[in-house]
Amino acid sequence: MANKVITRFAPSPTGYLHVGGARTALFSFLLARHFGGEFLLRIEDTDLARSTETAVHQLLDDLRWLGLNWDNTELVFQSKRLEIYNKIIDDLLKRGLAYKAYETDEELTAQRAVAEKAKRTYIYRRPQLTDDQLRAYESENRPHVVRFATPVKDYYFEDAVLGPGQGVNSTQVQDFVIRKSDGMPTYHFAVVVDDADAGITHVLRGQEHLLNTVNHIALQEALGYPRPIYAHLPVILNPQDGSKMSKRDRDKLIRQRAQNWLKTNKTSPQDLAAKTSLAVSQIEDWLKDTQKQLDIPEQQQVMSVIGLKNTDLPEILVHDFRKAGYLPEAMLNFLALLGWNPGGDRERMTTEQLIELFTIEGIGRSNAKFNREKLLAFNTEYAASTSAAHLVQAFKAYLAVNPESPLARASDEQLAKMLEMKKGFRLLRDVDESSRFLFMRDDEITYQPDAVEKVLKKSDNQGLTVLRDLRPILATLSTWNHATIESAINAYGAEKQLGLGKIAQPVRVAVSGGTISPPIFESLEFLGKENTLARIDRCLTPAL
RNA sequence: GGCCCUGUCGUCUAGAGGCCUAGGACACGGCCCUUUCAAGGCCGCGACACGGGUUCGAAUCCCGUCAGGGUCACCA
């Protein structure tokens with residue numbers, strides 16, 4: 001390749017980065033790195049209503065977490081480039097290659113409805129307005145959009161993934177909007193200008209953009225821009241129903257559950273609105289209109305009312321996976337394999353290897369379902385093979401997005417110890433959740449009722465009896481470490497003819513409140529004698 | 001519905017006319033290990049969507065059918 005490869009990732013800041021976007025970013029990153037080119041980041045914030053500054057930070061943060069570093073020091077924000085766009089649009093207007101269109105939303109919807117009824121596709125072409133009408137509209141400053149007068153002809157192009165012959169024939173081209181009535185350019189216009197400005201050579205994006213490409217090509221031809229190489233990536237699908245995996249899936253699930261909740265509680269949207277302190281009209285609209293979405297805080301409010309936990313929601317956003325305790329390397333490796341593979345049996349690859357092996361030819365054409373089990377397996381493997389020091393860093397990054405965890409108080413040494421004790425863990429969250437009790441005060445421990453029942457009270461309080469026997473034995477231990485504890489407990493087990501399971505489980509419940517923990521003797525050593533005894537005493541008080 | 005894309009184990013895929021009795025990974029099942037959850041070891045189950053061609057020979061090429069997906073915005 002003679003010229004330098006320049007790729008870009010151009011998300012719109014409407015929320016956290018989702019896995020589809022991350023995959024697109026990764027492929028763009030890998031292609032650029034493979035050829036020693038540049039990988040650029042641009043923020044497409046032309047949708048004023050939906051773009052937020054918080055989302056920009058969230059996006060950058062997730063990208064950095066993944067290690068997808070971009071090369072431009074200055075971020076490009078489309079919202080700051082209005083002058084540039086307007087100059088070009090005005091020129092297009094002057095040259096008659098674009099025109100103002102005055103239809104209202106309602107009029108367009110009506111026209112589309114008519115077309116649909118007549119079973120033909122709605123194609124927007126320039127309406128024939130008389131000069132008088134035009135002058136009148138102009139003088140009354142009527143709201144308008146600017147549309148591109150797309151030259152009517154066939155638009156076919158070769159896609160680097162899908163092959164030649166992509167596009168549409170002349171009967172299907174229409175005049176699309178390039179400047180919205182609020183004065184902002186549309187995506188179609190801004191991408192074309194910005195990609196040309198940045199000298200983008202390869203555009204990698206989701207297959208949902210395939211047909212948009214004809215608009216972009218038409219614009220490039222009118223503007224005298226070169227056409228980049230297009231590579232449309234297969235879509236990432238939901239494993240359950242095979243529909244496109246999207247950010248809306250969480251909203252969808254919450255809506256479904258909310259509707260069920262209304263039904264089972266025989267209550268009204270008004271009630272839900274009152275309990276969540278959201279506007280009745282908003283709740284009503286949201287419940288019946290799947291296009292409407294709640295933002296994250298609003299979702300949380302609804303979830304707490306209807307009793308839905310965050311962990312019940314499907315992970316879709318990179319941030320969800322991050323919070324759940326996945327390692328970025330595992331995530332990247334898994335994402336890379338979603339629609340691409342190096343050929344052969346190769347699966348485990350470091351980022352360096354991915355860069356070396358990545359080619360557009362290796363990108364597949366069929367859509368892929370997002371298989372969380374496989375991601376989990378990848379994560380488990382990475383966790384097992386990563387150095388202790390690196391794992392501590394990853395754990396700290398995990399805690400940074402899970403600040404409520406008691407482990408947030410732990411020192412690096414303690415974190416390393418937790419990681420070591422839980423060797424073989426799948427997610428950092430597993431380490432966190434199963435070790436929390438070690439960092440809580442004795443009175444913060446909550447006892448899980450089913451664990452208490454099954455392990456302590458069953459068979460005529462067998463578990464409690466063990467604790468009562470063990471308490472003085474442990475109390476007299478002069479040296480408190482896992483070895484001394486183990487031999488004391490083994491001696492007790494031998495005397496009473498009890499297997500370790502019958503002894504370890506009651507102790508586990510006593511100190512942790514549940515049935516899952518790191519290895520028990522090391523846990524007790526870490527906890528210390530005083531706290532261990534205090535927790536056993538709590539169990540032996542009649543109140544429990 | 002129109003237009004477009006895709007179709008190999010449950011899932012991600014290897015496979016570019018004979019290397020295929022179709023390989024790998026995850027999942028799943030069984031056994032082993034085990035103080036919990038995991039991890040680990042061994043064994044196993046399991047696919048070329050269907051129907052026609054072309055060819056000495058087809059998972060691989062062609063046609064049709066079916067199925068899935070994408071897209072039809074003043075969202076990107």
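Every chain is numbered from 1, with letters handed out A, B, ... down the list of sequences. Reckoned from all heavy atoms, side chains included, excluding hydrogens, waters and symmetry mates.
For A:Ala368, whose side chain is taken as the heavy atoms from C-beta onward, the closest listed nucleotide among B:U13, B:G2, B:C4 is B:U13. Taking every side-chain heavy atom of A:Arg426 into account, B:A39 is the closest of B:A76, B:G70, B:A39. With B:C74, B:U11, B:C75 as the candidates, the nucleotide lying closest to the side chain of A:Asn371 is B:U11. Comparing B:U36, B:G2, B:C5 by their nearest atom to the side chain of A:Arg508 picks out B:U36. Side chain of A:Ala377, nearest nucleotide from B:C74, B:G2, B:C26: B:C26. The A:Gln505 side chain lies nearest to B:U35 when the options are B:U35, B:U6, B:C74. Nearest to the side chain of A:Leu108, among B:C74, B:C75, B:C4, sits B:C74. Proximity note for A:Val145 (side chain, C-beta onward) versus B:C74, B:U6, B:G69: the nearest is B:C74.
In this structure, A:Thr121 has no side chain to side chain donor-acceptor pair (under 3.5 Å) partners at least two apart in sequence or on a different chain.
Separating the CG atom of A:Leu211 from the P atom of B:C3 is a distance of 12 Å, rounded to the nearest angstrom. Regarding A:Leu237, its CG atom lies at a distance of 7 Å from the P atom of B:G69, rounded to whole Å. Remark: C1' of B:C5 and CG of A:Asn212 are 15 Å apart, rounded to the nearest angstrom. In this entry the distance linking NZ of A:Lys117 with C1' of B:G2 reads 19 Å, nearest Å. Between the P atom of B:C12 and the CZ atom of A:Arg23 lies a distance of 13 Å, rounded to the nearest Å. Per the geometry, CZ belonging to A:Arg372 stands 14 Å off P belonging to B:C12, to the nearest Å.
Using a 4.0 Å heavy-atom cutoff across all strands shown, A:Lys423 reaches at least one base atom of the nucleic acid. Counting any heavy atom pair closer than 4.0 Å across all strands shown, A:Thr515 reaches a base atom. In this structure, A:Arg348 reaches neither bases nor backbone, as no heavy-atom distance under 4.0 Å exists between it and the strands shown. A:Thr14 comes within contact range of no nucleotide atom at all, as no heavy-atom separation falls under 4.0 Å. Counting any heavy atom pair closer than 4.0 Å across all strands shown, A:Arg50 reaches a base atom. Contacts of A:Arg147 with the nucleic acid, taken as non-hydrogen atoms under 4.0 Å apart, involve only primed sugar atoms and P, OP1 or OP2. No contact: A:Glu116 has no heavy atom under 4.0 Å from any strand. Within 4.0 Å (heavy atoms only), A:Arg365 reaches sugar-phosphate atoms of the nucleic acid but no base atom.
Between A:Thr46 and the phosphate of B:A76, there is a side-chain N or O to OP1/OP2 separation shorter than 4.0 Å. One finds no side-chain N or O of A:Arg120 lying less than 4.0 angstrom from the OP1 or OP2 phosphate oxygen of B:G2.
A gap of 39 Å separates the C1' atoms of B:G1 and B:C26, to the nearest Å. For the C1' atoms, the distance linking B:C37 with B:C42 amounts to 23 Å, nearest Å. Nucleotides B:C9 and B:G51 have their P atoms positioned 16 Å apart, rounded to a whole Å. Comparing the C1' positions of B:G52 and B:C12 gives a spacing of 31 Å, expressed to the nearest Å. B:A73 and B:U13 have their P atoms separated by 30 Å, given to the nearest Å. To the nearest whole angstrom, the two P atoms, one in B:G24 and one in B:A47, are 14 Å apart. The separation of B:C33 from B:C19, taken at their P atoms, amounts to 43 Å, rounded to a whole angstrom.
Relative ring orientation between A:His144 and A:Tyr102 is described as tilted, the plane-to-plane angle lying within the 30° to 60° band.
Side-chain contact of A:Gln58 with A:Tyr16: a donor-acceptor pair under 3.5 Å is present, judged by distance alone. Judged by distance alone, the side chains of A:Asp175 and A:Tyr99 do bring a donor and an acceptor atom under 3.5 Å apart.
Under the 6.0 Å cut-off for aromatic ring centres, A:His209 and A:His232 do not qualify, their centroids lying 6.0 Å or more apart.
Within residues 167-194 of chain A, the residues having any heavy atom closer than 4.0 Å to RNA chain B are, in order of number, A:Gln172, A:Val177, A:Lys180, A:Ser181, A:Tyr187, A:His188.
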Solution key, residues 335-346 of chain A side-chain donor-acceptor pairs under 3.5 Å, sequence neighbours excluded:
residue, atom, partner, partner atom, Å
A:Trp340, NE1, A:Thr359, O, 3.4
A:Asn341, OD1, A:Gly343, N, 2.6

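With hydrogens and angles ignored, a donor-acceptor pair closer than 3.5 Å exists between the side chain of A:Lys374 and the base of B:A25. If you check distances only, the side chain of A:Gln207 never reaches the base of B:G70 with a donor-acceptor pair under 3.5 Å.
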